[in-house]
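Below is one structure, written out as structure tokens; comments come after it.
Chain letters run A, B, ... following the sequence lines, proteins first and then strands; every chain starts at 1.
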2 protein chains.
Amino acid sequence: MDIDAAKDNFTKYLKAGNYRITPERFQVLESVLKNDGHFDADGLFLQLKSSGSKVSRATVYNTLELLQDCGLISKYRFGENHSRYEKAFGRPHHDHLICLECGDIIEFVSDKLTKIQTDVCKENEFKSQSSTLQIFGKCKKCQEKE
Amino acid sequence: MDIDAAKDNFTKYLKAGNYRITPERFQVLESVLKNDGHFDADGLFLQLKSSGSKVSRATVYNTLELLQDCGLISKYRFGENHSRYEKAFGRPHHDHLICLECGDIIEFVSDKLTKIQTDVCKENEFKSQSSTLQIFGKCKKCQEKE
DNA sequence: CTCGGTGCAAATGCTTTGCAATGTC
DNA sequence: GACATTGCAAAGCATTTGCACCGAG
């Protein structure tokens, strides 16, 4: 839907930072936009490769960092040994329930949580930039399996 | 203070799980108990080494996992490429403010947060096992530096 | 034409693993 | 004595880096 808006956004970010507009960077962005859930760097690399792109892993990592810096994607570490990303463009902030059994990730939004975070930061005179609440456990489906 | 209680705890856990009581495992536990803040596996290994212990990295990692399973320590991933641990024995649950500038980690406790988490889990029929709220940003000291 | 960006492969850093030796039960 | 646990070094895996080449500005 807002693919063009995302591209515009990225273009502006690149120009503003005096980064070059390269086809590789936009190939990565397009690949990112195809993913609806969470994805990782290597998955994205494979996805690009299978769609005929010749972008290298190095460029994928490099571009993911740029996309994160300009707010188009969010990066997470769900207690695994690799990072996960997801589209952030035009989406409200949300947090995650992570099933340790099946690996499923459930998203949720909580206004109250946002307020608590604001309060905690104020109390500690801390300037928040980003946050993540991760709840690990067992999802409904996996509980029923027993 | 509760060093003996921690050791008891670990002993019981090992026996219950049919794990063997080895000196190496207790050397790791003792080293863990010496640390008041957050520490990582390699730091612990070095600490053990410098105090004359011959425990290997493999054993450190193995034992840290056991200690985590029996609730004596907690494991975190603060967006870095390595895991961090901290004593959990006899401490209330708390969360973290992480300064992206100086790396300082501030702990905080929030009852309201606990309640929200309970509610979110109920709504999603999710069975929580552990959780972590991480707020990344800039601490008071680093804000003043500018 | 300049210098930032790219691909490739090698390097890195944390963590795990394979295996023979060791020590607990 | 059986077999889980250990130390060591090598392997794994995600990510980064060095460098020669390429192409955007």
Inset, instruction - Could you work out which one of dT15(D), dC8(C), dG7(D) sits closest to the side chain of Ala58(A)? - result: dC8(C)

Legend entry - Pair Ser31(B), Gln47(B): side-chain N/O donor-acceptor within cut-off below 3.5 Å: yes

Legend entry - Per Ala41(A) side chain, nearest of listed nucleotides dC14(C), dT15(D), dG7(C): dT15(D)

Inset, instruction - Classify the nucleic acid contact of Asn62(B) as base, sugar-phosphate or nothing, counting any heavy atom under 4.0 Å across all strands shown. - result: sugar-phosphate

Inset, instruction - For the residue pair Ser131(B) and Gln117(B), confirm or rule out a side-chain donor-acceptor distance under 3.5 Å. - result: yes

Legend entry - Minimum-distance nucleotide to Arg57(A) side chain [options: dC14(C), dG7(C), dT15(D)]: dT15(D)

Legend entry - Rounded interatomic separation in angstrom, taking NE2 from His82(B) and C1' from dT12(C): 15 Å

Inset, instruction - Could you tell me the separation between the CG atom of Leu48(B) and the P atom of dC8(D), rounded to a whole number of Å? - result: 13 Å

Inset, instruction - Answer yes when Lys7(B) and Glu30(B) have at least one side-chain N-carboxylate O distance shorter than 4.0 Å, and no when they do not. - result: yes

Legend entry - d(CZ, Phe78(B); P, dC14(C)) in whole Å: 17 Å

Legend entry - Distance in angstrom units between Asp40(A) CG and dA14(D) P, rounded: 8 Å

Inset, instruction - Using only side-chain N and O atoms of Tyr61(B), determine if any of them is under 4.0 Å from OP1 or OP2 of dT16(C). - result: no

Legend entry - Closest to the Asn81(B) side chain, choosing from dC14(C), dG7(D), dT15(D): dC14(C)

Legend entry - Atom-pair distance (CD on Gln27(A); C1' on dG7(C)), nearest Å: 13 Å

Inset, instruction - May I ask you to verify if any side-chain N or O of Thr59(B) is less than 4.0 angstrom from the OP1 or OP2 atom of dG7(D)? - result: yes

Legend entry - Shortest non-hydrogen contact between Val60(B) and Val55(B), atoms and distance: CG2-CG1, 4.1 Å

Legend entry - Salt-bridge contact Arg91(B)-Glu86(B) (side-chain N to carboxylate O under 4.0 Å): yes

Inset, instruction - Could you tell me whether Asp119(B) and Lys115(B) make a salt bridge, using a distance below 4.0 angstrom between a side-chain N and a carboxylate O? - result: yes

Inset, instruction - Among Arg57(B), Arg84(B), Lys49(B), find the one that has a salt bridge (charged side-chain N to carboxylate O under 4.0 Å, His left out) with Asp42(B). - result: Arg57(B)

Inset, instruction - In whole angstrom, give the distance that lies between atom CG of Leu14(B) and atom C1' of dG23(C). - result: 15 Å

Legend entry - Gap between atoms NZ and C1', on Lys49(B) and dT6(D) respectively (whole Å): 16 Å

Inset, instruction - Kindly say if Ser83(B) contacts the phosphate of dT15(C), meaning a side-chain N or O under 4.0 Å from OP1 or OP2. - result: yes

Inset, instruction - Please list, by residue number, the residues of residues 16-26 of chain A whose heavy atoms come closer than 4.0 Å to an atom of DNA chain C; answer none if no residue qualifies. - result: Tyr19(A), Arg20(A), Thr22(A), Glu24(A), Arg25(A)

Legend entry - Whole-Å distance separating the NZ atom of Lys15(B) from the P atom of dT24(C): 14 Å

